[in-house]
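Written out below as structure tokens is the structure these notes cover.
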Number of protein chains: 2
Amino acid sequence: MLMIKRGFEPEKDNWSLMGGFLKQDESLDDAAERILEELTGLTGVYMEQLFAYGDVNRDPIARTISVSYYALIKVDSYNKELAKLHGAKWFTVTQHPSLIFDHEDMVEKALGRLRRRTRTEPIGFELLPEKFTIPQLRSLYEAINQTEYDPRNFSKKLHSMKLLTKLDEKDKSTSRKGAYLYKFDKNRYEELKASGFNFGL
Amino acid sequence: MLMIKRGFEPEKDNWSLMGGFLKQDESLDDAAERILEELTGLTGVYMEQLFAYGDVNRDPIARTISVSYYALIKVDSYNKELAKLHGAKWFTVTQHPSLIFDHEDMVEKALGRLRRRTRTEPIGFELLPEKFTIPQLRSLYEAINQTEYDPRNFSKKLHSMKLLTKLDEKDKSTSRKGAYLYKFDKNRYEELKASGFNFGL
DNA sequence: GCAAAAGTGTTCACACTACACCCATGC
DNA sequence: GCATGGGTGTAGTGTGAACACTTTTGC
């Protein structure tokens, strides 16, 4: 997860999720996209509204309603200069500094939503580069769901969906043998979705 | 679903979901409960936040952010006087007049959420009286999920969960033979939930 | 006695789980 | 040649789906 050191009071210099204020002429979705772009330079990434927070005293200075969103970002494809400028830093979900206000709850909700989503939609692919290996995909799902998958069962199920196109390339960065690279077959996915389909890994 | 005839412009006299304005000193949850009580007299019912709507022109008169909630109400246990006073009326989900603004989308989201919830939590019981029969429960789930369940499989699964307490009473209002009444065993449910449990019907 | 809904058991297919060995390669 | 991670098949088990007949009782 990408977090920032808050630049103003209250809670200045403590860790926080990235956020900003809604403008008069923009929708909630637009605001979320704008704020993500300002901090990471990214556009067009997977993003979803989570929950509206409205407790009266959640911000000690002013009455504030926050609408939380979560986005899925490929770790290596954001603008590091922008992130540095805002004091942003990556942490693992299992080990991160404590967060201000109710942001901890936002993280909980985001994780829960992400886990449920991965059971019905193949959004895991949003977090991987265009070409990826099966072991990469597997360890991503293991991180999301904090569990381990049997390599044989995992690839069996994956192949039975026929959602991946095998390439003639190998990724040799993690083993001597090398693992085949695959691409996500978007057309095939649209077909399957249209005919009512469940993506459970 | 319970809908009201809107009493003010814009869209005066058209059908709408019930709504109201957030006060300075109340949380979103508090506001939702207050508004439900004002219109139906009900308190302490199952209620859940759904989604925040923030498109710039969704209300043609003023910039408005709406946070939608859905509640589960036992059809026969609300205050009919209050409802009448506000011009409220019940409709079935499959046949209702068209709704103002983005309220149609709110209904879609509520239905989707309700369907997903019934797979992991026994919230269907929130919609039934304290004592109910298996056929009643079954037809409720058939209405929620717009499908039909095999009576044998349905009650088999239900009994295997051991969440219901069979009473020595019968409900004879729908058949000559009469159907046994059951109660939901809340203690048993808490036990099961604590030990990680999935309620799929 | 008949109509109408309630109640109940068995079989089959498929999906999920568990599990162990060979392969390719760089060093 | 050996260490390291990648890749694959099978057998057993449990869960979900399909399916038909008997029971009760008010009229």
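Order of the sequence lines sets the chain letters (A, B, ...), proteins ahead of strands, with each chain counted from 1. Because only heavy atoms are used, hydrogens play no part in the values below, and waters and symmetry mates are left out as well, while side chains stay in.
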Ignoring backbone atoms, test whether B/K157 places a side-chain nitrogen or oxygen under 4.0 Å from the OP1 or OP2 oxygen of D/dG16. yes

Atom pair distance, as rounded to whole Å: CG in B/D150 and C1' in C/dT8: 11 Å

DNA chain C: 5'-proximal contact among A/N153 and B/S155 (nearest heavy atom): B/S155

Compare side-chain N and O positions of A/K172 against OP1 and OP2 of C/dG26 and report whether any pair is under 4.0 Å apart. yes

Choosing from C/dA18, C/dG7, C/dA20, which nucleotide comes nearest the side chain of A/R152? C/dA20

Roughly how many Å is it from CG in A/L158 to P in D/dT8, rounded to a whole number? 11 Å

Compute the centroid of each ring, for A/Y182 and then for A/Y180, and state whether the two points are separated by less than 6.0 Å. no

Rounding to a whole Å, what distance do you find between B/D171:CG and D/dG26:C1'? 15 Å

Side-chain donor or acceptor of B/K177 under 3.5 Å from a matching atom on the base of C/dA6? yes

Does the distance from a Lys or Arg side-chain N to an Asp or Glu carboxylate O, for A/E38 and A/R34, drop under 4.0 Å? yes

How close or far is atom C1' of D/dG9 from atom CZ of A/F154, stated in whole angstroms? 18 Å

Nearest to the A/H159 side chain among D/dT4, D/dG7, D/dT8, which nucleotide is it? D/dT8

Nearest whole angstrom, please: distance from the P of C/dA24 to the CD of A/E169. 19 Å

Nearest to the side chain of B/K156 - D/dC19, D/dA18, D/dG7? D/dA18

Separation of D/dG6 C1' from A/L181 CG (nearest whole Å): 13 Å

From CD of A/E148 over to P of D/dG5, roughly how many Å is that when rounded to an integer? 14 Å

Between A/P135 and B/K170, which residue's closest nucleotide on DNA chain D lies nearer the 5′ terminus? A/P135

Nearest listed nucleotide, side chain of B/R176, among C/dT8, C/dT25, D/dG26: D/dG26

Would you tell me whether B/T147 and B/N145 have side-chain atoms, one donor and one acceptor, within less than 3.5 Å of each other? no

Keeping the roles fixed (side chain from A/R138, backbone from A/S155), state whether a donor-acceptor pair exists under 3.5 Å. no

Exercise: do B/D29 and B/S27 side chains pair donor with acceptor under 3.5 Å: no

Would you kindly give the CD1-to-P distance between B/I134 and D/dT23, to the nearest whole Å? 20 Å

